Number of protein chains: 2
Amino acid sequence: MSLSQTPSAHVSARGVIPDATVSRLPMYHRSLLSLTARGVLLVSSEELAEASGVSSAKLRKDLSFLGSYGTRGVGYDVEFLLYQIARALGLTQVWPVVIVGIGNLGNALAGYPGFASRGFSVVGLFDTDPQRVGESVTVAGKEIVVTDISKLPQVVLSTGASIGVIATPEAAAQEVCDVMVRNGITSILNFAPVLIEVPAGVDVRRVDLATELQILAFHEQRKSQSALTQANAG
Amino acid sequence: MSLSQTPSAHVSARGVIPDATVSRLPMYHRSLLSLTARGVLLVSSEELAEASGVSSAKLRKDLSFLGSYGTRGVGYDVEFLLYQIARALGLTQVWPVVIVGIGNLGNALAGYPGFASRGFSVVGLFDTDPQRVGESVTVAGKEIVVTDISKLPQVVLSTGASIGVIATPEAAAQEVCDVMVRNGITSILNFAPVLIEVPAGVDVRRVDLATELQILAFHEQRKSQSALTQANAG
DNA sequence: TAGATTGTTAATCGATTAACAATC
DNA sequence: TAGATTGTTAATCGATTAACAATC
């Protein structure tokens with residue numbers, strides 16, 4: 001799971017979009033992309049919900065926060081709904097992104113095809129390790145050279161990047177965060193397993209890969225315990 | 001954010017632990033680890049909540065689902081609470097984990113120090129690409145050779161692994177999932193940006209790195225819109 | 001018109017919060 | 001005892017769900 005450090009609902013053309021709804025929009029977006037790829041033109045709430053792993057009631061409720069983009073008795077125009085969701089999510093523009101910490105994880109993120117394909121453009125890769133600085137990484141078909149973090153300010157300035165990704169070890173995360181914030185980054189995706197402090201107005205989302213495994217372990221443990229209980233009862 | 005495909009609350013010695021609470025236990029666990037490292041012996045709900053980014057009321061409520069492990073007027077014994085949370089999460093045992101798909105992301109996951117340090121042991125790395133099979137990867141100080149996925153059954157059998165990680169491209173995810181499930185894996189962490197189908201009793205958690213960026217983009221867009229609105233109003 | 005499916009309502013459920021009695 | 005802090009209660013808030021009127 002990822003942990004938002006800055007929750008609360010948000011304003012759209014229609015009014016407020018609940019956080020729970022916002023968190024599901026990317027899934028709907030992806031399902032619609034897949035339908036487009038298969039040449040499907042029209043989809044019902046039942047079908048799209050099934051493809052997205054939610055109930056149709058929840059899907060219709062979620063979509064209703066964006067507007068009335070379906071046709072009663074018919075369904076949703078795939079192309080049109082895709083555009084409306086993309087617009088709501090802010091994916092009708094390209095977002096320049098900088099990544100700091102180009103170890104295993106930073107490399108994986110830089111090369112992640114899902115970034116480029118969904119409107120994000122990696123415009124800078126930074127590290128402090130002299131071993132890594134100067135290396136070049138293939139990002140979305142073009143080579144990007146890993147640069148010392150001291151060059152971050154001018155890259156952010158010249159590209160207008162407002163989103164930064166932290167993929168450093170825990171110890172460096174807060175300092176990297178401070179550099180980012182000082183230079184105009186206002187949204188941070190943090191993969192370091194630590195809570196970082198940011199001024200008001202800066203959004204942070206944290207993804208901790210081990211957290212997800214821990215939650216699975218919790219469920220596993222529960223399953224083996226209930227198996228034991230059943231064995232004892234039976 | 002990560003998306004659980006199998007929600008609902010769970011049973012502990014005390015009774016039911018709500019999902020919202022379970023999702024925060026890893027954070028508390030990590031905060032307590034950090035306190036231990038700094039030699040702190042005692043912590044109040046106020047301090048631990050601050051370190052974990054939640055309110056003290058929420059923290060106390062969450063802990064109350066595990067049991068009464070604090071002392072009124074005093075606080076919580078760090079070591080003891082750490083153990084109780086670890087026990088609740090199932091971290092008092094080592095969980096063998098297999099990873100399938102050893103590209104950039106799989107490599108990053110295999111080398112992630114947070115896995116070993118929190119009771120997970122990577123016991124197998126699998127791929128289908130003949131280029132990758134045979135390569136060796138350093139995991140927690142020891143070399144593991146990437147093996148063809150046809151060898152997964154015997155590794156799962158010999159290690160008793162019940163947790164699997166999918167780090168393949170989207171197209172391979174369902175097939176890999178089927179192989180895992182057929183061979184006794186009952187918890188899956190899925191990094192492929194697609195919903196996978198599993199039989200009842202198998203837990204899946206999905207982490208989509210792009211989803212997190214999309215949610216940040218949503219917030220960014222909102223911020224620039226409200227800046228515009230303010231400018232027009234002022 | 002008859003059939004289908006949306007968008008909305010209202011009821012239910014679960015999570016959060018503040019306040020405070022219990023108790024060290 | 002006085003001060004501090006937990007564990008629990010009850011009120012509030014937000015999310016989910018089922019049902020159905022609206023309408024294509």
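All chains are named by letter (A, B, ...) in the order of the sequence lines, taking the proteins before the strands, and each is independently numbered beginning at 1. Keep in mind that what you see is a predicted model, and the values were worked out from it rather than measured.
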Protein-nucleotide distance ([X], atom [atom1]; [N], atom [atom2]), rounded to Å:
X	N	atom1	atom2	value
A:L66	C:dT8	CG	P	12 Å
B:D62	C:dT16	CG	P	7 Å
A:L81	C:dG7	CG	P	9 Å
A:R60	D:dC20	CZ	P	13 Å
A:L59	C:dT6	CG	P	8 Å
A:L48	C:dG7	CG	P	12 Å
A:K61	C:dT12	NZ	C1'	13 Å
B:K58	D:dT12	NZ	C1'	14 Å

> With respect to the side chain of A:S68, which nucleotide from D:dG7, C:dG7, C:dA15 is positioned closest?
Replying inline: C:dG7
>> Starting the side chain at C-beta, find the nucleotide from C:dT16, D:dT16, D:dA15 nearest to A:R24.
In response: D:dT16
>> Tell me whether A:Q93 at atom CD has more than 12 heavy atoms from other residues, nucleotides or ligands lying less than 6.0 Å away.
In response: yes
>> Surrounding CD of B:E175 (heavy atoms of other residues, nucleotides or ligands, distance under 6.0 Å), is the total greater than 12?
In response: no
>> My understanding is that only one of A:V54, A:V40, A:L35 makes a side-chain contact (heavy atoms from CB on, under 4.5 Å) with A:L48; could you say which?
In response: A:L35
>> When you measure from the side-chain N and O atoms of B:Y76 to the phosphate of C:dC24, is any distance below 4.0 Å, counting only OP1 and OP2?
In response: no
>> Please compare A:G73 and B:R72 by the position of their nearest nucleotide in DNA chain D and report the one closer to 5'.
In response: B:R72
>> Reading DNA chain D from 5' onward, which residue's closest nucleotide shows up sooner: A:T71 or A:A57?
In response: A:A57
> A:D178 versus A:I196: any side-chain heavy-atom pair under 4.5 Å?
Replying inline: no
>> So A:L91 and B:F218, do their side chains get closer than 4.5 Å, heavy atoms only?
In response: no
> Reading DNA chain C 5' to 3', what string of ( ), [ ], | and . shows its pairs, if Watson-Crick and G-U wobble pairs count only when both distances fall under 3.5 Å?
Replying inline: ..||||||||||||||||||||||
> What pair of heavy atoms forms the shortest contact from A:S23 to B:I215, and how long is it?
Replying inline: CA-CD1, 3.9 Å
>> Between B:T211 and B:V207 (side chain of the first, backbone of the second, donor and acceptor by atom type, cut-off under 3.5 Å), is there such a pair?
In response: no
>> Counting only heavy atoms and a strict 4.0 angstrom limit, can you tell me which residues of residues 37-45 of chain A come near DNA chain D?
In response: none
Considering only distance and modelled atom types, tabulate donor-acceptor pairs under 3.5 Å from the side chains of residues 73-82 of chain A, sequence neighbours left out.
from	atom 1	to	atom 2	distance (Å)
A:D77	OD1	A:E79	N	3.2
A:D77	OD1	A:F80	N	2.9

>> Working to the nearest 0.5 angstrom, can you tell me the gap between A:Q214 CD and B:R205 CZ?
In response: 11.0 Å
